[in-house]
Colleague: 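My questions will all concern the structure given below.
Order of the sequence lines fixes the chain letters, A, B, ..., with proteins taken first and strands second; residue numbering starts at 1 for each chain. Bear in mind the structure is a predicted one, so any value in this text is a computation, not a measurement. All values below come from the heavy atoms of this structure, side chains included, with hydrogens, waters and symmetry mates left out.
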Amino acid sequence: MLALDIETEPVKGFPQEYALQPWRVQEGSARIGSIAIGKETGESLVTTKSYRTLLMGLEGKNVITWNGVFDVAWLIAYGYWDEVKKIKWFDAMVLWKWVDNSQRKERMPAWSLSDGAKKWCKDEPWLEAFLEMKAKEEVAGGNDAYWETRAKLDAIVTAKICEKVIQNLTAQQLKSAMIEAETIPEVARSWIMGERMDYSLVDSVLPVITEEMRDIEFRLGVSNATTAHEAALFQRDVTTWTPSKVLRSPKQLSDLLYDKWKLKAKSFSEKTGQPSTDKTALTYLADQFDKVIEILRWRELNTQLTKYLQSPLKAKEYLGSEVVHPTPRIFSTYTGRFTYTSKTARKFQTGVALHQWPRNKEFRRLIVPPEGYKHVEFDAAGQESRIMAHQSGDAAMVNVFQNNMKFHAMTGAKIAGMSYDAFMKGRETGNSAINSEHGLYYQGKFINLSSNFRVGTRKMRIQARVQYGMNVDFLTVKNWQDTFFRAYPGIKTYWKAAILKAKTKGYAETLGGRRFYLTDWSKDSQWATESSAIMFPIQGTGADMKNLGLRELARHYPDFLFAYDLHDGLHFWVKEDVSDDTLIEARDMLDQMDYEKEWGVQMRVPLTWDVSVGPRWSELEEL
DNA sequence: TGCTAACGCGCC
DNA sequence: AAAGGGCGCGTTAGCA
């Protein structure tokens with residue numbers, strides 16, 4: 001066991017927090033202070049120079065880190081990509097998650113090296129001293145002797161923890177964890193590369209949005225302008241305008257709707273009993289009051305303004321660059337998905353909310369590939385439905401995917417009471433009942449996407465209305481659900497089996513062997529715990545699959561630059577001269593991934609991928 | 001002023 | 001009786 005730990009620091013004269021921002025290396029404002037190597041035997045060394053030589057000496061070796069994306073990112077920022085790629089990276093922190101991923105929250109604050117030491121090195125004589133040292137508030141770069149000692153000890157402890165953690169993993173878990181770990185360099189590089197934003201578009205979209213917001217406010221009489229003079233100023237110059245506080249505040253908006261306008265509230269907050277002003281409440285109110293449509297529109301614009309325009313502008317200012325750096329974290333959600341964060345602990349804006357980026361082209365076009373590259377997305381086709389088909393073994397679902405039929409069409413046919421063939425014929429010949437905006441195909445899609453888990457009729461009806469714009473009555477939705485579960489009876493059987501399995505074993509499990517321990521079966525939590533038992537093997541297997549896809553692409557297409565993850569979609573920057581044939585070949589490789597070999601599972605249905613390419617995110621076209 | 005809770009909402 | 005799940009981010013309200 002060989003562990004590596006990097007201490008980083010701002011270059012003299014730059015802010016302390018730059019020690020956590022590896023992309024600062026490029027501008028010369030942050031650097032590596034030292035690199036330590038430790039073994040679980042207690043041997044260690046630390047160096048402040050010849051990093052490349054050090055890395056070359058590690059070629060072919062297993063090297064353990066604690067939150068490896070961080071350390072590896074610094075090495076990549078220093079230009080050691082080739083050396084980094086020749087090392088087999090492990091992450092003891094992530095391995096610990098593989099062991100202890102649980103519903104229990106007693107471990108907070110989670111996954112620090114100190115907590116790891118407390119958990120895995122309880123009986124070690126040095127534990128107290130180690131924790132004491134970690135608790136000391138030394139400033140990075142401030143005290144060389146302290147940091148050298150600390151780096152060495154961190155490395156030794158990391159190695160020690162790793163040794164113990166690995167003994168608690170099954171062979172299958174270790175295999176899947178290694179697949180995940182192999183993506184560390186790609187993920188680290190994506191953090192360093194960041195996402196280039198088209199700020200000229202930000203500048204051109206911003207006034208359009210603010211003007212519409214301002215105009216809505218005046219029509220509704222909720223502008224912040226308190227005098228005629230101020231109102232005139234807002235009208236003349238939108239840059240002086242500030243967003244209405246009444247519309248932003250749930251409290252003030254409910255006063256407006258339910259007191260001043262005397263509308264009748266239909267839903268209320270769970271916790272405080274306050275009348276709701278959320279999208280659902282407003283959507284139903286909007287049926288009777290046109291003004292409420294304007295409020296809905298205003299709120300949509302407000303989110304776009306603050307989250308997708310102003311925050312990127314804050315990032316640009318803080319970074320001094322048009323490239324933003326959201327921080328990726330592997331195995332971050334308990335199902336194994338990635339998360340991204342856009343702000344530091346001290347609230348500095350370093351990135352943008354990639355995982356929430358609007359589907360709307362107007363916003364997707366703000367994110368652009370590096371010069372000379374195009375945007376390529378590999379997305380796992382109908383991922384959750386296919387995994388559900390496998391997990392449930394439902395004969396009809398399995399049949400659909402085995403025979404390359406269209407799942408949404410199959411469900412559409414079921415609710416129409418038609419045969420699949422007739423439905424497909426209608427689809428091809430332009431039957432409007434099938435193909436229209438909210439027609440049977442669209443309904444089939446909606447039902448498929450919302451029925452894998454236990455959604456109630458009421459909730460599903462609201463979803464149809466609020467998310468899909470379909471105004472349907474309770475009985476219609478009930479009928480959809482009944483038809484769906486009659487068509488695919490294996491799904492409810494899977495629910496029962498998944499709950500029973502989780503109860504019996506104490507954990508839910510993915511096909512890759514990732515576990516989530518479910519401990520709270522009390523009356524209050526039972527529903528939620530059961531839902532996790534159902535959902536975890538589906539969503540978590542999706543994460544396993546995504547990790548495997550990323551690893552395979554990294555292995556076989558090393559020139560594709562991994563850009564970011566969107567759960568069932570892997571996004572890459574690829575050189576402009578790479579042909580469509582090459583992309584299709586890569587897609588085919590993903591389709592052929594050997595789950596028997598990787599997971600020890602014979603898949604009942606193929607897990608397929610789609611590939612799309614374009615000059616930027618908003619212009620992807622499927623190949 | 002600084003913090004958390006509550007609410008709301010974007011994505012998968 | 002009824003109940004999708006998983007996240008991160010931005011705002012206001014309310015408290016110390």
Colleague: Ignoring hydrogens and geometry beyond distance, is a side-chain donor-acceptor pair present between Thr339(A) and Ser332(A) at under 3.5 Å?
Modeller: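 There is such a pair between these side chains.
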Colleague: Taking only residues two or more places apart in sequence, or in another chain, which ones meet Met593(A) in a side-chain contact (heavy atoms from CB on, under 4.5 Å)?
Modeller: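 Leu548(A), Glu552(A), Leu590(A), Tyr595(A), Trp609(A).
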Colleague: Please list residues of residues 500-527 of chain A whose heavy atoms come under 4.0 Å from any atom in DNA chain C, ordered by number; otherwise none.
Modeller: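 Output list: Trp527(A).
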Colleague: Do the ring planes of Phe536(A) and Tyr334(A) sit parallel (below 30°), tilted (30 to 60°) or perpendicular (above 60°)?
Modeller: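 Judged by the thresholds at 30° and 60°, the geometry between Phe536(A) and Tyr334(A) is parallel.
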Colleague: For this output row, return yes or no: ring centroids of Tyr564(A) and Trp617(A) closer than 6.0 angstrom.
Modeller: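 Yes; Trp617(A) has its ring centre under 6.0 Å from that of Tyr564(A).
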Colleague: Please identify the 5'-most and 3'-most nucleotides of DNA chain B with any atom under 4.0 angstrom from a heavy atom of chain A.
Modeller: dA6(B) to dC12(B)
Colleague: Would you indicate what Ser450(A) reaches in the nucleic acid, counting non-hydrogen atoms under 4.0 angstrom: base, sugar-phosphate, or nothing?
Modeller: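 Result for Ser450(A) = nothing.
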Colleague: Quick one: label Ser269(A) by what it contacts on the DNA or RNA (base, sugar-phosphate, nothing), any heavy atom closer than 4.0 Å.
Modeller: sugar-phosphate
Colleague: Would you say the side-chain atoms of Asn224(A) and Thr242(A) include a donor-acceptor pair closer than 3.5 Å?
Modeller: yes
Colleague: Hey, do the aromatic rings of Phe289(A) and Trp261(A) have their centres closer than 6.0 Å?
Modeller: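 Ring centres of Trp261(A) and Phe289(A) not closer than 6.0 Å.
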Colleague: Within 45° of the ring axis of Phe407(A) and under 6.0 Å from its six-membered ring centre, is that where the NZ or CZ of Lys445(A) lies?
Modeller: no
Colleague: Kindly state which residues belonging to residues 353-364 of chain A come within less than 4.0 angstrom of DNA chain C, counting heavy atoms of the residue only, listed by number.
Modeller: Ala353(A), Gln356(A)
Colleague: Near DNA chain C, which residues from residues 282-318 of chain A have a heavy atom under 4.0 Å away?
Modeller: Thr306(A), Lys307(A), Ser311(A)
Colleague: Please classify the nucleic acid contact of Arg248(A) as base, sugar-phosphate, or nothing, using heavy-atom distances under 4.0 Å.
Modeller: sugar-phosphate
Colleague: More than 12 foreign heavy atoms under 6.0 Å from CD of Gln288(A): is that the case here?
Modeller: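 Yes, CD of Gln288(A) has more than 12 neighbouring heavy atoms, counting only those of other groups under 6.0 Å.
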Colleague: Is the number of heavy atoms from other residues, nucleotides or ligands under 6.0 Å of Lys316(A) NZ greater than 12?
Modeller: yes
Colleague: Nearest nucleotide by nearest heavy atom, which residue falls closer to the 5' end of DNA chain C, Met460(A) or Gln252(A)?
Modeller: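 Nearer the 5' end of the strand: Met460(A).
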Colleague: Angle class for the His355(A)/Tyr340(A) ring planes (parallel below 30°, perpendicular above 60°, tilted otherwise)?
Modeller: perpendicular
Colleague: Using the ring of each side chain (for Trp, its six-membered ring), is Tyr441(A) parallel, tilted or perpendicular to His408(A), with breaks at 30° and 60°?
Modeller: perpendicular
Colleague: Using the benzene-type ring in the case of Trp, are the ring centres of Phe516(A) and Tyr507(A) under 6.0 Å apart?
Modeller: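 They do not qualify: ring centres at least 6.0 Å apart.
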Colleague: Using the six-membered ring of Tyr284(A), assess whether NZ or CZ of Arg465(A) lies under 6.0 Å from its centre and within 45 degrees of the ring axis.
Modeller: yes
Colleague: Is it true that Glu530(A) and Arg454(A) make a salt bridge, defined as a side-chain N closer than 4.0 Å to a carboxylate O?
Modeller: yes
Colleague: What are the bounds, 5' to 3', of the part of DNA chain C that sits under 4.0 Å from heavy atoms of chain A?
Modeller: dA3(C) to dA13(C)
Colleague: Indicate yes or no: does Arg514(A) engage Asp544(A) in a salt bridge with an N to O separation below 4.0 Å.
Modeller: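 So Arg514(A) pairs with Asp544(A) through a salt bridge.
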